[in-house]
Amino acid sequence: MIDPIKELISLSDKKGFIAQKIVLECQDCGYSKESTYYDLLKDKQYELLEPTTVPNPYIQESYYEEDVTATPIKFKVECPGCKGEMVGFSPVPMEYILNHLSSPPPDDIIYG
């Protein structure tokens, strides 16, 4: 099985989404800084948490709900002030990011 983080980095030509900034905050001194998903993933400053199942409701002729797997991403960086740990969590699971980056770009004729 391919490592999902290596797959994200390999999709760097679609870097637009993982160029988004995320705020990391030190739990000890309160220092905070912004970094991009791409930089944190490339520099291996993350931890994949235990996958969990979450309900995914949708409507198709009636209301349905299915369970989907979601793997949270926790970003960790050493605080430059107190040498503690700065932590931030991705607001979207790894599966969503992979799906988004693997999808083809929108059609310019329709959305141009």
Side-chain angles (χ1 to χ4, degrees):
M1 180 175 155
I2 197 167
D3 179 11
I5 300 300
K6 286 183 181 176
E7 186 175 344
L8 283 175
I9 299 302
S10 73
L11 296 169
S12 61
D13 60 324
K14 293 185 179 181
K15 194 173 130 179
F17 182 80
I18 57 177
Q20 299 294 318
K21 298 211 182 268
I22 188 164
V23 176
L24 300 157
E25 187 171 329
C26 180
Q27 302 297 313
D28 299 330
C29 69
Y31 179 83
S32 65
K33 78 171 204 172
E34 287 186 346
S35 189
T36 64
Y37 279 87
Y38 183 79
D39 291 335
L40 293 167
L41 294 170
K42 181 178 56 102
D43 296 337
K44 295 180 175 40
Q45 296 176 319
Y46 63 88
E47 177 182 339
L48 294 178
L49 302 179
E50 195 65 33
T52 185
T53 57
V54 294
N56 182 29
Y58 61 96
I59 298 173
Q60 181 179 352
E61 297 177 8
S62 71
Y63 180 83
Y64 294 97
E65 190 172 282
E66 66 180 352
D67 288 337
V68 295
T69 302
T71 305
I73 304 172
K74 176 182 177 181
F75 297 108
K76 304 182 302 182
V77 177
E78 184 178 293
C79 178
C82 70
K83 303 298 181 205
E85 185 174 76
M86 298 176 65
V87 177
F89 291 91
S90 173
V92 293
M94 182 191 59
E95 290 81 4
Y96 176 82
I97 296 172
L98 284 172
N99 186 35
H100 180 73
L101 292 174
S102 299
S103 65
D107 187 359
D108 286 339
I109 294 172
I110 295 174
Y111 298 104

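In this text the structure is predicted, and so the values were computed from the model without any measurement.
Counting heavy atoms from C-beta outward, Cys79 and Cys29 have side chains that approach closer than 4.5 Å. Val87 places none of its side-chain heavy atoms less than 4.5 Å from the side chain of Glu25. Contact check for Tyr31 versus Pro80: side-chain heavy atoms found under the 4.5 Å cut-off. In this structure the side chain of Met86 never reaches within 4.5 angstrom of the side chain of Lys76, judged on heavy atoms. Annotation: side chain of Ile22 is not in contact with side chain of Phe89 (no heavy-atom distance under 4.5 Å). With contacts defined as side-chain heavy-atom distances shorter than 4.5 Å, the pair Cys26/Cys82 qualifies. Inter-residue side-chain proximity for Glu85 and Gln27 is flagged as unmet; no heavy-atom pair is nearer than 4.5 Å. In this structure, Asp67 and Val54 have side chains that are not in contact, with every pair of non-hydrogen atoms separated by 4.5 Å or more.
Looking only at distances, no side-chain donor or acceptor of Ser90 sits under 3.5 Å from a matching main-chain atom of Pro93.
Annotation for Leu24 and Gly88: closest pair CD2-N, 3.4 Å, computed over non-hydrogen atoms. The minimum heavy-atom distance linking Gly84 with Asp28 is given by the pair CA-OD2, 3.7 Å. Across all non-hydrogen atoms, the minimal contact from Leu41 to Tyr46 is O-CE2, 3.7 Å.
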Checking Glu65 against Asn56 for the side chain to side chain contact (heavy atoms under 4.5 Å, CB included) test, could you report, in this order, the C-alpha distance in whole Å, the side-chain angles of both residues, the deciding distance, and whether it holds? CA-CA 5 Å; Glu65 190 172 282; Asn56 182 29; over 6 Å; no
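Annotation: the span from Lys74 atom NZ to Gln45 atom CD amounts to 13.5 Å, rounded to 0.5 Å. Of the inter-residue distances, the one linking Phe75 atom CZ with Leu40 atom CG reads 5.5 Å to the nearest 0.5 angstrom.
No hydrogens or angles considered: a donor-acceptor pair under 3.5 Å links the side chains of Glu95 and Thr71.
Under a hydrophobic clustering in which Ile, Leu, Val, Met, Phe, Trp and Tyr are joined whenever their side-chain heavy atoms come within less than 4.5 Å, directly or via other members, Val77 and Tyr38 fall into the same cluster. Residues Leu48 and Tyr96 are members of one and the same hydrophobic cluster, defined by side-chain heavy-atom contacts under 4.5 angstrom among Ile, Leu, Val, Met, Phe, Trp and Tyr.
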